[in-house]
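Structure first, commentary second.
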Amino acid sequence: MANIAIMGFGTVGAGVAKVLEMNGASMAARLEEPLHLKYILDVRDFDQSPYADRMIKDFSIIENDPEVEVVVETIGGKGVALDFTRRCLQAGKHVVTSNKELVATHGKELLAIARARNVNYLFEASVGGGIPLLRPMYECLAANEIEEIIGILNGTTNYILTRMVQDEIAFSTALQEAQGMGYAERDPAADVEGLDACRKICILSDLAFGREVLPDEVSTEGISGIHLKDVDIAAAAGYRIKLLGRAIRLPEGRQTAYVAPHLVREDCPLAGVDGVFNAVMLRGNAVGDVLFYGRGAGDLPTASAVLSDVMDAIAHRSKRRNLDWSQSAQMVSASELPMSWYLRGAFSAGDARAVCGPVTLLGDGAVITPPMTAAKAREAAEKLGAAAMLHVL
């Protein structure tokens, strides 16, 4: 029997307990041993919970119990979650987490502790919620060098942009609706300003390229400045606007990563990903493009990914998963890479050609430029008096 503990009994932690209760028998059959939830750590009282007999408030009980093999961390943030995770790993316990902020900012350190103690630190649920993504990257695609990652990594922003396209409502209205439905927090900054997607692209980049990328190194732009007029122009021209996280392998061991709204052609698989769904496209040098799609959040989908990691940790008791990014990445700013840009303003096609060179006309004073750096695009936008400037995939 494998004993586990859950730290943090919010949405995801409660989902883990529920999925374990629902599917514990089938999980035990696959593992050839049962999983037993021994403790649930939370500062709140849950006297009426069916798990009340397992509720504790003292972390040291988990830390010092040699029978607890795997600890699930669903506290969130970088405060007490970091301290407890360090101590669990140092105590020789496997740790599984859905905490994207912690993995993105302290994954290198925590993986080093896990390596030294010969235990696993696993985080499948930290990027795609219930979408199987990280394990396929380091197992099924292990024969590839990943060249590029492009992802719709935040369901809240994708829902808002979908509503703007399908119902022609403004950003502020779509945001209020998302908050009313529970998709967006009262303070939506982490979602709509791209911070959540930034943390996720850091983790994906770390795994794909094997070097640490910190959120502070990633240029990040959200969707709060997206105007309905640009959504309409893009749609009429056969494009959709999507918030994308991108990580790209560059020559000579360099790499880049950024988050920004993009115009995406309707024939690209990512263009048809709507609502709260997420999708990640990986490009391998042998397999080509591979797409992963599904719900990126929610209690049961995320709990599914957490418990898959729990099973993986138990299955790899004697030989830990070799997950590490022990070196820092040699980053190149995305602003230095030539890209095409969408510009809109009260300028003529002739003016746009004179400033940018051969452009693609979209109508209503909007064009797509030939590839140029961000500095050149901003310079062109200033000369043309452009009211909007967006990346083009």
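None of these values were measured; they are calculated from a predicted model.
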Exercise. I would like to know whether L361 and R353 meet side chain to side chain contact (heavy atoms under 4.5 Å, CB included); could you show each step before the answer?
Key: CA-CA 10 Å; L361 303 178; R353 291 190 186 100; 3.6 Å; yes
Practice problem: Please report the shortest heavy-atom distance between L134 and S126, naming the atom on each side. | Solution: CD1-OG, 4.3 Å
Quiz prompt | Closest non-hydrogen atom pair, D309 against E124 | solution = OD2-N, 2.7 Å
Exercise. Measure the spacing between CG of N3 and CG of L37 and express it to the nearest 0.5 Å.
Key: 9.0 Å
Practice problem: Mind checking the CD1-NE2 spacing from I241 to H391? Nearest 0.5 Å is all I need. | Solution: 13.0 Å
Self-check item: Greater than 12 external heavy atoms within 6.0 Å of K108's NZ
Solution: yes
Quiz item: Would N23 and S26 count as having a side-chain donor-acceptor pair, cut-off 3.5 Å?
Solution: no
Quiz item: Thinking salt bridges, do D324 and R115 make one under a 4.0 Å N-O criterion?
Solution: yes
Quiz item: Can you tell me how far CE of M55 sits from CD1 of I40, rounded to the nearest 0.5 angstrom?
Solution: 4.0 Å
Self-check item: Atom pair CD1/CD of I314 and E33 - distance to nearest 0.5 Å
Solution: 6.0 Å
Quiz prompt | R295, CZ atom: more than 12 neighbouring heavy atoms under 6.0 Å | solution = no
Quiz item: Between D191 and Y183, is any side-chain donor less than 3.5 angstrom from a side-chain acceptor?
Solution: no
Exercise. Would you name the heavy atoms of A174 and Y159 that are closest together and state the gap between them?
Key: O-CE2, 4.4 Å
Practice problem: Taking only Lys NZ, Arg NE, NH1 and NH2, and the carboxylate oxygens of Asp or Glu, determine whether R378 and E382 approach each other closer than 4.0 Å. | Solution: no
Quiz prompt | Electrostatic pair E109:R86 at N-O distance under 4.0 angstrom | solution = yes
Quiz item: Do K57 and D42 meet the salt-bridge criterion of a basic N to acidic O distance under 4.0 Å?
Solution: no
Quiz item: Considering the options E147, E148, E221, which one meets the salt bridge (Lys or Arg N to Asp or Glu O under 4.0 Å) requirement together with R246?
Solution: E148
Practice problem: Examine the side chains of E193 and T220 and answer whether a donor and an acceptor come within less than 3.5 Å of each other. | Solution: no
Quiz item: Is the shortest side-chain N to carboxylate O distance from R163 to D274 below 4.0 Å?
Solution: no
Quiz item: How about Y293 and N278: does a side-chain donor come under 3.5 Å of a side-chain acceptor?
Solution: no
Quiz item: Just checking, R265 and Y239: is the charged tip under 6.0 Å from the six-membered ring centre and within 45° of the axis?
Solution: yes
Quiz item: Is the shortest side-chain N to carboxylate O distance from D299 to K18 below 4.0 Å?
Solution: no
Quiz prompt | R211 and Q327: side chain donor to acceptor below 3.5 Å | solution = yes
Self-check item: Mutual orientation of the aromatic rings belonging to F9 and Y51 [parallel < 30°, tilted 30-60°, perpendicular > 60°]
Solution: perpendicular
